[in-house]
Structures are given as C-alpha cells and as structure tokens.
Number of protein chains: 2
Amino acid sequence: MQFHIDKINKLLDDFDEATLKALEEISYSKTYEKGSYLLKADNICTKSFFLKSGILRKFYLHNEKDVTTEFYFKGDLAVSFDSYTLQRPSKEYLQALTDVTVNTIEFNSFQNLKKKHLQLQELDFLITEYHALWLEEKVFELHTQNATQRYETLIKKSPHIVHQIPLTQIASYLNVSLETLSRIRAKK
Amino acid sequence: MQFHIDKINKLLDDFDEATLKALEEISYSKTYEKGSYLLKADNICTKSFFLKSGILRKFYLHNEKDVTTEFYFKGDLAVSFDSYTLQRPSKEYLQALTDVTVNTIEFNSFQNLKKKHLQLQELDFLITEYHALWLEEKVFELHTQNATQRYETLIKKSPHIVHQIPLTQIASYLNVSLETLSRIRAKK
DNA sequence: CGACATATTGAGATCCATCAACCAATGTGG
DNA sequence: CCACATTGGTTGATGGATCTCAATATGTCG
C-alpha cells in the first residue's frame, strides 16, 4: 500500500507548472464548523474535499443507526465514492468532527481539466486504484478477523483514530457494538 | 452499476480500428482443464483473463480453509486485483471450475499499449472504477446484512451462481459456514 | 457396487448484540 | 456557582445468530 502512496506522491512532485496552476485555479478553500455537514444523503457529491486541517467522518444511516465508513485526517481526500463517480444521489453523509478547513474542487471543473492535463488523468487513475486496494483490504479483514482482531488492526494502522474520536463512532466503523468494543478494550 | 457497465460497453463500441487491432495482437487464446490453476498464490499476476467460456473462481487460503472471493463467468475479466495492480506476489488463486477458454493479455504488453492508445487508458480507468464500486457494495452488504439476507441478495444478483457451483464454495463466498447455508436453504 | 465428494441435520459452544443500569465528565440556564 | 441535562463510556445479564463437531444421507463416477 505504501508503495502505491509513494507512486502518487512521485506523480505529484513531477507535476507541470501549468497543471499545478490550473488545479489551483479551480480549487478554493473553505471552512466548516464542528458538527456541520459537507455532504448530506440524497444529494449528489459534486465536490471533492482535500483536508487541510481537522477531522471528517463519512457515514450512512441504517435502521436508525449510523454506520461509519471512514475517517479523514489532514492530507486525506474525502468524497462519497459512488456518488462522486456516478454523479448520483449519495447514501452517505460527510460530517466535520472538528472545525475543518478543506480545499474544494468541483467534479465538473476537474473533469474538464482532465481533458487538457494528462497528469491529472494519471492522478485520478492512481487515486481510484488506491481506493480499490483499500477496499479489498477492508473486505479481507471483515472476512478473516473477529471484533478484537479488527480493533487491533485499527490501532496498528491508525493509532491516531483511537485517540481523537469517540468510541461510539469507532465501534460503528469496526462494525461492532459500543459495548463489545468497550469490553475489548477493558481486557487489555 | 448497470449504468457503469453501459459506459464501458459504449466505450468498447467506439474503439478505433487501430486500437482493436493492437489489442488483438497482444492477446492470445488459451484453454485450461477443470481443476487447474490460472494463477497460484505467491506468484505475480502478470496476466488478465477474459473469460470466453466456462467458470473460474478466485480464492485464498486462511487457517487451512479456502475463502472464495469471486466467481467469473463468460464475458467477465479475471485478475487478482492487488497482485495485478502492484505487480507483487498474489495471496489469491485463480482456478478453473470447469474446462475454460480465456483470452489472455500480459500486464506489460497492455501497459505499453496504453501509452499509445488513449482509449485503452479510459478503459482501464473505467474497469478500475467498476471494481471499486463493486467492492463498496460488498462492504455495504457485509455491514448491513445477515447470512440469510446475503444469500438472498446473491440469488437476486446472480441466480446462475446458485445453480452451477457447489454449496461449499458459495458458503465461503458469502462468509458463512456450509452448515448454516444449508439450513438457510432448507427454510424456504 | 464401492468410494469419495457433497449436502443435510442435530447438539453444544461461542461470539456478539441488545437491553438496562450506572458512572464520570462536560456544559448550561437560572 | 449550583442543579440538572447531555454526552460518552462501563458493566452485567440474557438471547440470538452462527460456528464447530459429529453423525447421517445423497449423489456421482469409475
């Protein structure tokens, strides 16, 4: 996985002046207050959010409970993937867990820019590949690990999550009840 | 999802003569006997397989049991995604469940061809997107559905799987024990 | 038919969700 | 600055879903 991140960073380092400038021209900075929504269900995800500071979470509602699908930190790129890709209504919400500053790029602007800048096509491709690899790992973990193991994997991969985010949301991210997660932690 | 498949088909319909011809030149047909392996774990997945006839399955070993990750039918494209993408050793096996005929394309040949043919870049991108969408759906199902519901979803989405494939493998695909799946079916 | 793979059924064990009570920390209105 | 509400977390008891182990049945093919 790290290998793939390096690939993306290398591409970014090699970006043409022109490409960089064009990207800057279509992106704009925005801040959101803690608790507010960058995207709500039933709306189309027409923007991508590059997180400059703060924490985001993505979730959907299922049987009146929320299921957290991702946390985003500084440097992460947040979208509701299927809504963004297919430009259809989202099942997911994007919410600010803290005050947040993002660089925003409109889907349409980016698509237009891609036509002129081959490096952006490459970038988009690598990011999509990365997302798919990430999802494969997630499915693998859901298939092979129990609640305790999933929690341990999370700690190993993203120790910062455990320190900055309420247990309730971590539990829903791990697909475990709050109580079970609490017990898992008590055992150590 | 269907929308995205249509998008891919439309692109294929619009392919240049030159692109089509180049593709044909680097692909070759091959047959495998029932039970044989197109890819084994620890090897790098250097080929993609376009299935012309027969059935394939993809799986990995975990605690001495196999976990089936996918079935492939006529018209499907089979690779071990992370091994193919990163060109690193595979955790997964690709096995012929029946006698099988595939069109094979080498990873390297395809990458070279992509440089010259923009339409192939587009195709690769759309296929990767499709794979990611597919995985998102799978994670969603694992999070929200119990064994019975997952089985029903499978029947609805891929009724042919249930008729042509041993229960043992369907069970491991659904992440359910053989016994539980057998009971689920008995209840109907 | 006999042998081997595949599927069904039963009984007990295990993991985890749910429900409910409780506690601690934080915030808020009066 | 206190009383109370709210949020987040812990703990206990119970039940349900599903796994595991074991016995039996069914199917298939040389």
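Quantities reported herein were computed from a predicted structural model and do not represent experimental measurements. Order of the sequence lines sets the chain letters (A, B, ...), proteins ahead of strands, with each chain counted from 1.
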**Q.** Base versus backbone protein contacts along nucleotides 10-26 of chain D [heavy-atom cut-off under 4.0 Å; B, S, -]
**A.** BBBB----SBBBB----
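- For the pair Ile170(B) CD1 and dT8(C) P, the computed distance is 11 Å after rounding to whole Å.
- Tyr37(A) and Leu94(A) fall into different hydrophobic clusters, where Ile, Leu, Val, Met, Phe, Trp and Tyr side chains are chained together by heavy-atom contacts under 4.5 Å.
- For the pair Lys157(B) and Glu141(B), the salt-bridge criterion is met [side-chain N within less than 4.0 Å of a carboxylate O].
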Q: Evaluate the criterion side-chain hydrogen bond (donor to acceptor under 3.5 Å, both in side chains) for residue pair Lys30(A) and Thr104(A); output intermediate values, then yes/no.
A: CA-CA 7 Å; Lys30(A) 215 169 161 183; Thr104(A) 302; over 6 Å; no
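- Close to dA5(C), at under 4.0 Å from its OP1 or OP2, lies no side-chain N or O of Thr168(B).
- The NZ-P distance, from Lys187(A) to dG9(D), rounds to 19 Å in whole Å.
- Checked against a 6.0 Å centroid threshold, the rings of Tyr93(A) and Tyr60(A) do not count as neighbours.
- Spacing between atom CD of Gln169(B) and atom P of dA7(C) amounts to 9 Å, rounded to whole angstrom units.
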Q: Test side-chain hydrogen bond (donor to acceptor under 3.5 Å, both in side chains) on Ser90(B) and Ser80(B) and set out the steps.
A: CA-CA 7 Å; Ser90(B) 173; Ser80(B) 172; 3.3 Å; yes
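- Straight-line distance from the CG atom of Asp66(B) to the P atom of dT6(C): 11 Å, rounded to whole Å.
- Between Tyr84(B) and Phe107(B), the distance separating the two ring centers is shorter than 6.0 angstrom.
- Rounded to whole angstrom, the span from the CD1 atom of Ile165(B) across to the C1' atom of dA7(C) amounts to 16 Å.
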